[in-house]
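Because only heavy atoms are used, hydrogens play no part in the values below, and waters and symmetry mates are left out as well, while side chains stay in. Residue numbers begin at 1 in each chain, while the letters A, B, ... track the order of the sequences. Quantities reported herein were computed from a predicted structural model and do not represent experimental measurements.
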Amino acid sequence: MKVTFPHIGNTYIGVKAVFDALGVEVVVPPLCTSRTLELGTRYAPEMACLPLKVTLGNYIESIERGADTIAITGSCGPCRFGYYGVVQQEILNDLGYDAEILILDPPQDGDFKPLFSRLAKLGGPNVTAGKAIKAGYLGFKIIKEADELDRMILKVRPREIDKGQTDAIWGKYRADVIKAFGPYEILKVIRRAKDEVRAIKIDKTFQPLKIGLVGEIYTLIEPFVNLNVEQKLGNLGVEVNRSIDLSGWVIDNIFLGLLGLSSEKRIKKAAKPYLDLCVGGHGRECIGNTVLYSRKGYDGVIQLMPFGCMPEIVAETILPQVSKDENIPVMTLILDEMTGEAGYQTRLEAFVDLLKRKREKERAKKHYGLLLGH
Amino acid sequence: MDYYLGIDIGSVSSDFVLIDDEHNVISKLYLKTQGQPIKAIKDGLRLLRDEMPEEADITGVGSTGSGRDLAGVMVGADIVKNEITAHAVATLEKVSDVSTILEIGGQDSKIIIIRDGIVTDFAMNTVCAAGTGSFLDRQAARLDVPIEQFGEMALRSTTKVRIAGRCAVFAESDMIHKQQMGYEPEDIINGLCEALVRNYLNNVGKGKEILPKVVFQGGVAANVGIKHAFEEALKCDVYVPEHHEVMGAIGAAILAQEEAERKGYTDFRGFDLVDMDFKTKSFDCDGCANQCEVVQIMADKQVVARWGDRCGKWHNALLKRQRRDKDKAMA
């Protein structure tokens with residue numbers, strides 16, 4: 001058995017480590033490129049949402065490299081994601097591939113047996129529960145550290161004195177980490193990159209604009225799909241914060257979620273005056289996080305979504321009111337198959353200009369108020 | 001005399017403006033890009049050079065529009081600015097009490113909301129061209145009416161004809177259907193103007209608070225039929241500024257002046273660049289799995305710009321070299 005899985009941000013780093021530790025042969029799909037998108041859009045239904053197409057491209061590229069089993073998570077929420085595995089399996093069958101998709105979704109009726117039997121199938125006969133827990137722990141630790149590295153990069157990039165250093169380290173790290181084998185080697189690559197980022201000389205007096213990213217999780221996390229929005233903003237001198245990352249999602253949904261402690265409560269509370277029910281995907285979180293970003297003193301918020309994403313469309317229509325009430329500019333960017341980046345860059349630059357002028361004006365006002373003794 | 005040059009390279013038109021240090025427009029040009037921005041930039045500069053007064057001196061250059069990066073590299077721009085900011089800067093200069101800017105160009109349209117002299121919100125059309133100039137161009141060609149007369153004809157309409165405006169394809173088939181029912185061309189054209197305005201307001205203007213004073217600019221603002229349809233729909237006066245078709249270029253020129261004064265010099269290559277040979281070449285970088293397509297701009301066989309490498313390896317190496325050469329030249 002050769003296992004593969006879809007790309008979403010740093011997932012591949014952690015998941016590869018888990019399978020390496022378990023001794024399961026794994027095929028990491030090549031990082032998403034225009035070919036991935038091309039394959040996905042050719043074989044997926046035209047009206048399907050973008051993540052379905054790109055992940056389908058991942059599977060096909062992995063199958064070409066010998067994968068026969070595809071592990072994905074599932075969902076029983078109101079968004080189309082819940083159908084991905086089933087639809088993609090049909091498409092692969094029609095294309096004549098005999099790869100099997102194993103959907104690892106939480107049971108709705110409390111019966112964990114089907115989930116465990118699928119997990120056992122993935123692990124093979126030699127994997128004991130203890131071994132699986134240890135591998136899972138290491139995988140989680142790796143994703144956590146990879147996310148930490150991402151956050152460091154987001155802080156350093158706008159502040160670096162010699163422009164381009166962060167990007168160079170990031171590019172090299174992405175090339176190295178995919179080649180590393182096993183959890184310990186992978187951790188070494190991540191920590192080396194962290195050291196390199198720490199060594200970058202930064203301008204400590206520079207106060208970058210701060211932008212929070214909200215929206216649909218896949219477009220937020222996968223840099224190929226969001227056209228490297230974090231990198232583009234960072235190089236425009238903006239400190240970016242992503243409202244959702246993988247390790248946070250795992251903590252919330254798997255660990256704390258079981259205990260009923262997840263940070264989602266805070267987000268839901270913030271969203272409550274605007275949207276008091278689950279509309280699927282991350283629609284409610286999108287609203288709640290926008291409110292929270294404003295209260296944390298962020299300068300602006302950007303909502304990302306794939307074209308036609310129902311939960312995010314609901315959120316999009318509510319955001320102008322949130323923006324007004326909370327005095328925080330919000331821009332929505334819709335992502336689809338287009339890889340031409342000119343229009344996208346224009347919007348980002350214009351949004352950053354807008355925030356800059358707003359901040360200057362508010363500071364001038366404050367200064368003027370102080371002069372008058374207010 | 002010190003003049004500042006603003007260049008707006010759009011998908012349909014390439015605009016050039018010369019302003020003096022008090023932002024008066026000295027000369028302006030409106031050329032078709034025709035998918036060849038390099039040629040358009042050279043043609044524009046050649047024409048400007050011939051028009052310029054003897055004693056004039058270009059002391060700052062700015063570029064904007066979707067071709068702004070290319071233009072910036074070719075002419076040696078002091079500032080390269082996105083078209084939203086460029087338009088807002090120019091409009092605030094010419095109409096200081098503006099609250100809403102409606103801009104309709106060839107391939108895209110935008111709305112810019114201004115409060116107390118700063119941009120507070122904006123939007124650009126995303127997925128549909130039904131609200132843009134090229135859609136009108138195409139329908140004018142269909143009806144065999146010169147686009148310049150389109151607006152005048154719309155104003156002569158006497159009967160309302162509703163044409164679907166949600167999508168360019170729907171609009172076209174709807175229009176054909178209405179034509180076959182025997183409506184006058186004036187009424188059809190007026191219906192189209194209303195459809196475009198409706199589409200713009202529902203699509204680009206969605207969720208935006210449109211307050212007077214409303215300024216309408218871009219190439220399509222020359223069309224009095226569209227202006228009238230906006231006034232009907234918004235129930236307020238719509239103001240079209242004198243240089244409405246080159247506002248982006250004016251904004252770029254104003255920003256260039258600010259930047260050149262701040263720096264104390266200009267990076268303008270001089271008009272000799274019209275005789276230089278500019279070429280775009282590309283290669284696939286195999287440094288990592290990303291396999292970026294790296295685009296190189298060559299000026300007389302020398303690399304002057306690089307884009308497209310996600311990790312920045314290629315363009316940063318070039319920037320470093322250019323900085324070194326500049327320091328050497330200064331020393």
Side-chain angles (χ1 to χ4, degrees), chain A residues 28 30-35 162-176 178-179 223-224 227-228 231-232 235 307-308 316-321 323-324 329-334 336 338-343 345-358 360-361, chain B residues 9-11 64-70 80-89 92 107-108 110 112-127 206-209 255 284-293 307-320 323:
Chain A
V28 179
L31 292 179
C32 300
T33 61
S34 48
R35 181 171 186 266
D162 208 353
K163 294 287 162 210
Q165 274 186 299
T166 315
D167 286 348
I169 292 168
W170 189 65
K172 193 174 164 297
Y173 154 74
R174 297 250 298 172
D176 288 346
I178 203 163
K179 283 184 233 146
F224 170 75
L227 306 173
N228 292 293
Q231 187 186 13
K232 287 193 170 70
N235 288 328
F307 182 59
E316 185 195 1
T317 53
I318 299 173
L319 282 174
Q321 189 62 41
S323 164
K324 209 170 159 187
V330 178
M331 176 169 74
T332 296
L333 290 175
I334 299 171
D336 199 44
M338 62 268 195
T339 43
E341 302 189 359
Q345 182 72 23
T346 297
R347 287 169 177 81
L348 292 178
E349 286 178 16
F351 191 62
V352 170
D353 278 347
L354 178 165
L355 299 182
K356 230 181 249 169
R357 295 299 288 272
K358 179 171 183 280
E360 279 165 15
K361 200 175 156 191
Chain B
I9 305 299
S11 51
T64 186
S66 49
R68 62 184 177 279
D69 286 319
L70 178 66
V80 176
K81 203 49 145 175
N82 65 80
E83 49 269 39
I84 302 272
T85 306
H87 272 278
V89 163
L92 277 164
Q107 277 293 333
D108 67 30
K110 33 191 164 296
I112 307 175
I113 305 295
I114 294 183
R115 297 288 180 268
D116 303 327
I118 66 166
V119 177
T120 57
D121 199 4
F122 66 87
M124 290 170 83
N125 65 329
T126 44
V127 282
K206 179 175 63 186
K208 305 275 181 266
E209 191 184 31
L255 290 164
D284 288 330
C285 170
D286 52 10
C288 77
N290 274 334
Q291 298 187 350
C292 300
E293 183 188 332
W307 295 298
D309 46 335
R310 262 173 235 168
C311 70
K313 179 165 88 178
W314 294 97
H315 78 250
N316 284 321
L318 179 68
L319 285 182
K320 224 174 223 170
R323 234 172 311 173

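- Residue contact with chain A, scored on non-hydrogen atoms closer than 4.5 Å, is absent for Asp309(B).
- Only the backbone of Thr120(B) comes within less than 4.5 Å of a heavy atom in chain A; its side chain stays farther off.
- No more than 12 heavy-atom neighbours from other residues, nucleotides or ligands sit within 6.0 angstrom of NZ on Lys320(B).
- The contact between Lys163(A) and chain B is made entirely by backbone atoms, counting heavy-atom distances below 4.5 Å.
- Taking both residues in full, the closest heavy atoms of Ile178(A) and Ala175(A) are given as CG2-O, 3.4 Å, listed atom of the first, atom of the second, then distance.
- Only the side chain of Asn316(B) has a heavy atom closer than 4.5 Å to any heavy atom of chain A.
- Minimum interatomic distance between Ser323(A) and Val330(A) (heavy atoms only, all atoms of both residues): CB-CG2, 3.8 Å.
- Of the atoms belonging to Glu360(A), not a single heavy atom falls under 4.5 Å from chain B.
- Of the atoms belonging to Arg323(B), it is side-chain heavy atoms, and not backbone ones, that fall under 4.5 Å from chain A.
- Here Lys313(B) pairs with nothing under the side-chain hydrogen bond (donor to acceptor under 3.5 Å, both in side chains) rule; sequence neighbours left out.
- For Glu349(A), the parts lying under 4.5 angstrom from a heavy atom of chain B are both the backbone and the side chain.
- No part of Lys208(B) comes within reach of chain A, as not one of its non-hydrogen atoms sits under 4.5 angstrom from that chain.
- Using a 4.5 Å cut-off between heavy atoms, Lys361(A) contacts chain B through its side chain alone, with no backbone atom that close.
- Taking the ring-ring contact (aromatic ring centres under 6.0 Å, His included) definition, one finds that Trp314(B) meets it with Phe283(B), sequence neighbours left out.
- With a threshold of 4.5 angstrom between heavy atoms, Asp176(A) does not approach chain B through any atom at all.
- How far NZ of Lys172(A) is from CD1 of Ile169(A): 9.0 Å, rounded to the nearest 0.5 Å.
- In this structure, the side chains of Phe351(A) and Leu333(A) stay at 4.5 Å or more apart for every pair of heavy atoms.
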